Amino acid sequence: MWFVSLSSRILRSYSHVLGRRGCNTAAFMPEAAGFEGVSSRSSLQDFSVSNSDTFWSAVARHRLSWISPFTAVQDCDLSQGRIKWFDGGKLNVSINCLDRHVHTSPERVALIWEKDEPGSEVKITYRQLLEMTCRLGNLLRRHGVKKGDCVTIYMPACPLAVASMLACARIGAAHNVVFAGFSAEALSERIRDAQSTVVITVNQGVRGGRVIELKKTVDTAVQSCPTVKQVFVAMRTENPVIMTDRDVPMEEEMMKEAVVCEPAAMDSEDILFLLYTSGSTGKPKGLVHTQAGYLLYAALTHRYVFSYNDGDIFGCVADIGWITGHSYAVYGPLANGGTTVLFESTPIYPDPGRYWEMVQRLKINQFYGAPTAIRLLLKYGNHWVQKYDRSTLKTLGTVGEPINTEAWQWYYSVVGDKRCPVVDTWWQTETGGICIAPRPSQPDAEIVPGMAMRPFFGIKPVLMDSEGKVATSNNTSGALCIAQPWPGMARTIHNDHQRFTATYCQPYPGYFFTGDGAYRSEEGYYQITGRLDDVINVSGHRIGTAEIEDVVNQCPAVAESAVIGYSHNIKGQGVYAFVVLKKSVDTKEQELSCQL
Ligand code: AMP
């Protein structure tokens, strides 16, 4: 019994906790019941770091459904850039996200598609999502997509986009979701790098009441992508688009397929997806996430950082084109058998009450958004929030950039009526899931505004000083590194492992370097201070200054340019480009325009 094995010293130090709340590890995390010396959530965190293999092995066995069990928990050497978890194990991510829940609760709602048009939400049950996924998996297979291929998905948040991701996982292909706001050029660069033979898109997107010609963008993009053989086109609007021999009408063809699709047995370390993100050079990096470790980490963080309980309705408003959409609109909630909202619109359409009207109508329990949207909404005034019933809310979250105290206070006091903990979650595309956040901790543990605060289970943050040594004291700042591997971390950069090791593993050998700076307070809490490299963060989106310079320099009139970020009161950072024009250019005569 875990309680009996406590030393009297530990018992004394936690007696206030045990006495008041009867800290019950087994109720909090059933698989942790046998962990020696674990009597509170903070001692569970200590255990997860110092007994990493025992912790992750128990969690992986308890929370994932395996086709065959793993034989080794981890085989990692950060100094070499070698990261392997759960080797020898086989599983299928779509079984974990769908079939096992269909087995127990087929009619439970998996997705609530909050369409751009307010009040027109669509609910999809686990049974329906599995059917969609299987039909699509069969369709992809019929068109020659197989294990090892990578399918590019250029779609807004919608059930067919989620089914497309899961269909890839079903048949063993990787997916590469590209944010459906990116230009044809950005899309084609990502399709070429991923060497996709198939692209999935919609005829048109709809956002903030505006129609966006996504199929046309794909048509332009694939002109310079010789690998692309098929473009699957789903119909988001009723407007027809020009279809060529290359294009497949998706819904029509899906309906001809069987609703059963044999799942591929995937190795833990097979690729689940690529996701491109900005670095400090002009070329975006295709970060690689694999099957078991990523899914486990997304599921565990979703459940514990947000205190997600069965039956809750989880509202992450990030687009599926970003890692937040992958981990907390799709994989985390679905692995947990949850109900997740897919938000297609904007925070101010048709008016600045959109989020809170949606919270009232859908009865959302956890709301997860970006500081930039909160700063924007704060300016419109409290009445847009207060006219709606938000009593279902239990946890509020933010991600993507630092949240300033004013925005934090407004979120906490006005949106959450001072009832809901606000979790400022720090993580990045590379980490796969949340690494530092105020929760999980004891339910009444203090939360400091604007601080991510505490490491998640299995995470050991360290700060490096200017000499590259680990800073041991508190009340200090440094380069944020993570001292030991965790299952959710990216494994490599697609086709460029050398860049992966050079960027993340070599700056501080033996540690994972995040690229961020952080401050550790007197109490040992972490606060992220911003990027240490040439990456700026506009509205929570990472952009490399070199990437923008590359685009600006393509403008025929431009000789050279330099891009910097500046402080912006809503977007966090804005972009300034200093441009030197070619001598031959007459600015009085020529209009200078280039499409960024
Ligand atoms: P991305 O990979 O696009 O999600 O961007 C990750 C980057 O966003 C991090 O490296 C940080 O610079 C920033 N970021 C994410 N979450 C936070 C947060 N809670 N506080 C401060 N910065 C954050």
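The structure presented is a predicted model; accordingly, all values stated were derived computationally and were not measured. Order of listing sets the numbers, starting from 1, for every ligand and every atom in it.
- Remark: of the listed residues Thr395, Asp312, Asn309, Asp312 is the sole one forming a side chain to side chain donor-acceptor pair (under 3.5 Å) with Gln366.
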Could you go through the ring pair (Phe, Tyr, Trp, His ring centres under 6.0 Å) check for Phe314 and His302 one step at a time?
CA-CA 10 Å; Phe314 190 78; His302 169 252; 4.4 Å; yes
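- Contact of the Thr324 side chain with the Cys316 side chain is registered, since non-hydrogen atoms from C-beta on lie closer than 4.5 Å.
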Determine, stepwise, if the pair Gln573 / His541 fulfils side chain to side chain contact (heavy atoms under 4.5 Å, CB included).
CA-CA 10 Å; Gln573 280 189 297; His541 300 313; over 6 Å; no
Is there any protein N/O under 3.5 Å from an N/O of ligand 1, and what does the full list of such pairs look like?
{"residue": "ligand 1", "atom": "2 (O)", "partner": "Thr429", "partner atom": "N", "Å": "2.7"}
{"residue": "ligand 1", "atom": "2 (O)", "partner": "Thr429", "partner atom": "OG1", "Å": "2.5"}
{"residue": "ligand 1", "atom": "2 (O)", "partner": "Arg542", "partner atom": "NH1", "Å": "2.7"}
{"residue": "ligand 1", "atom": "8 (O)", "partner": "Gly400", "partner atom": "O", "Å": "3.3"}
{"residue": "ligand 1", "atom": "8 (O)", "partner": "Asn537", "partner atom": "ND2", "Å": "3.4"}
{"residue": "ligand 1", "atom": "10 (O)", "partner": "Gln428", "partner atom": "NE2", "Å": "2.8"}
{"residue": "ligand 1", "atom": "10 (O)", "partner": "Asp516", "partner atom": "OD1", "Å": "3.4"}
{"residue": "ligand 1", "atom": "10 (O)", "partner": "Asp516", "partner atom": "OD2", "Å": "2.6"}
{"residue": "ligand 1", "atom": "10 (O)", "partner": "Arg531", "partner atom": "NH1", "Å": "2.8"}
{"residue": "ligand 1", "atom": "12 (O)", "partner": "Asp516", "partner atom": "OD1", "Å": "2.7"}
{"residue": "ligand 1", "atom": "12 (O)", "partner": "Asp516", "partner atom": "OD2", "Å": "3.2"}
{"residue": "ligand 1", "atom": "14 (N)", "partner": "Gly400", "partner atom": "O", "Å": "3.4"}
{"residue": "ligand 1", "atom": "16 (N)", "partner": "Gly400", "partner atom": "N", "Å": "3.1"}
{"residue": "ligand 1", "atom": "19 (N)", "partner": "Asp424", "partner atom": "OD1", "Å": "2.7"}
{"residue": "ligand 1", "atom": "19 (N)", "partner": "Thr425", "partner atom": "O", "Å": "2.8"}
{"residue": "ligand 1", "atom": "20 (N)", "partner": "Glu401", "partner atom": "O", "Å": "3.4"}

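- With Phe456 as the partner, the ring-ring contact (aromatic ring centres under 6.0 Å, His included) test is satisfied by one option alone out of Tyr297, Trp486, Tyr304: Tyr297.
- There is a side-chain donor-acceptor pair under 3.5 Å between Asp193 and Tyr276.
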